[in-house]
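Before any comments, here is the structure.
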Amino acid sequence: MRFKIPALAVVAGLAAALAPTLAAAHEVTVKGVTVAHPWARATPEGQKVGAAFAEIKTDKDTSDRLIGVSSPVAANGEVHSMTMEGDVMKMRRLDGIDLKPGQSVVLKPMADHIMLMGLKEPLKEGDLVKLKLTFEKAGPIEVEGTVEAPGAMGPHGLAKQPDDDSMGSMHHDMTHE
Ligand SMILES: [Cu+2]
């Protein structure tokens with residue numbers, strides 16, 4: 001009984017990973033900048049803000065800067081940092097995120113993330129949400145993220161963002177303390 005829900009989550013994750021059209025839509029590269037595995041958390045009726053996540057990678061000859069985020073489902077998008085001050089979680093708006101060559105920056109729960117402000121409708125689990133990440137050099141990159149359960153920690157039923165163990169993201173988190 002205890003293993004029923006995790007097992008289902010794994011099956012859902014495999015099904016998503018095996019769907020080729022989904023996989024293609026979930027990783028977009030423009031001018032050496034890749035946005036991979038975008039997703040958002042479902043929101044309850046009436047909640048006006050939602051959180052979205054993705055991995056941003058640069059190839060070894062590309063540096064860039066994330067300067068904006070938007071979505072048709074929200075009035076505006078912001079990039080936030082999240083830090084612990086004592087036992088209080090603090091979110092702060094970031095002007096942008098610098099991307100060094102060959103870096104992986106993972107936007108994920110409890111760390112830097114995308115905040116969708118002024119949601120026009122609730123984000124429903126199982127839906128797709130359009131996200132536009134705008135970069136200084138690469139310009140806009142549009143992706144479709146999956147909407148996962150409200151407390152999800154990763155896309156497609158995974159317990160974390162894929163590739164979330166890179167030195168790049170650790171370094172990045174530390175620079176925003
Ligand atoms: Cu936030």
Side-chain angles (χ1 to χ4, degrees), residues 26-28 33-58 64-100 103-136 138-177:
H26 289 172
E27 183 159 322
V28 178
V33 177
T34 298
V35 179
H37 307 294
W39 62 285
R41 276 180 173 169
T43 57
E45 193 75 43
Q47 184 174 308
K48 286 295 173 200
V49 295
F53 314 95
E55 181 187 8
I56 303 167
K57 293 180 278 194
T58 42
D64 210 326
R65 179 174 167 82
L66 174 67
I67 53 171
V69 182
S70 66
S71 170
V73 302
N76 63 299
E78 295 181 354
V79 182
H80 282 188
S81 65
M82 184 180 279
T83 51
M84 295 297 293
E85 291 182 9
D87 44 12
V88 180
M89 280 188 295
K90 294 249 178 178
M91 296 201 291
R92 283 195 192 82
R93 184 171 187 274
L94 300 176
D95 291 333
I97 296 179
D98 284 321
L99 305 164
K100 298 184 187 74
Q103 195 176 13
S104 159
V105 170
V106 180
L107 305 177
K108 62 186 178 188
M110 309 301 292
D112 293 355
H113 57 275
I114 294 164
M115 208 92 224
L116 302 174
M117 322 288 284
L119 283 180
K120 294 166 186 169
E121 57 199 59
L123 301 175
K124 287 203 188 68
E125 188 174 351
D127 281 1
L128 291 174
V129 59
K130 285 191 165 70
L131 298 168
K132 181 161 79 178
L133 284 73
T134 303
F135 297 86
E136 214 163 60
I141 299 183
E142 294 190 48
V143 291
E144 284 196 321
T146 54
V147 180
E148 310 289 342
M153 293 302 284
H156 321 313
L158 299 173
K160 66 178 184 69
Q161 188 74 23
D163 303 327
D164 172 26
D165 44 14
S166 67
M167 291 305 288
S169 90
M170 284 169 62
H171 173 75
H172 173 75
D173 286 348
M174 282 158 53
T175 61
H176 280 96
E177 293 285 346

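Any value given below was found using the heavy atoms of this structure, including those in side chains, with hydrogens, waters and symmetry copies removed. Atoms within each ligand, like the ligands themselves, are counted from 1 in listed order. Nothing fancy with the numbering, it's 1 onward along the sequence.
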Requested in this report: Report yes or no: does M82 have an N/O/S atom closer than 2.8 Å to the Cu ion (ligand 1)?
Outcome: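 No, since none of the N, O or S atoms of M82 sits under 2.8 Å from the Cu ion (ligand 1).
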
Query raised in the report: So, E27 and T34: side-chain donor and acceptor under 3.5 Å apart, yes or no?
Result: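 Result is no, nothing qualifies.
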
Report task. Heavy atoms only: give me the nearest G50-T43 pair and the separation to one decimal. Result ->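 Closest approach of G50 to T43: CA-CG2, 3.9 Å.
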
Query - Heavy atoms of other groups near M89 CE, more than 12 under 6.0 Å - result: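 For M89, atom CE is not crowded (no more than 12 foreign heavy atoms under 6.0 Å).
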
Query raised in the report: Would you call R92 and E85 a salt bridge, using N to O less than 4.0 angstrom?
Result: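 Yes, R92 and E85 are salt-bridged.
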
Query raised in the report: Please state the angle at the Cu ion (ligand 1) spanned by SD of M115 and NE2 of H113: what is it, rounded to 10 degrees?
Result: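 Taking the Cu ion (ligand 1) as the apex, I get 110° for this pair.
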
Query raised in the report: Nearest to the Cu ion (ligand 1), which N, O or S atom of H80 do we find?
Result: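 Output for this pair reads ND1.
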
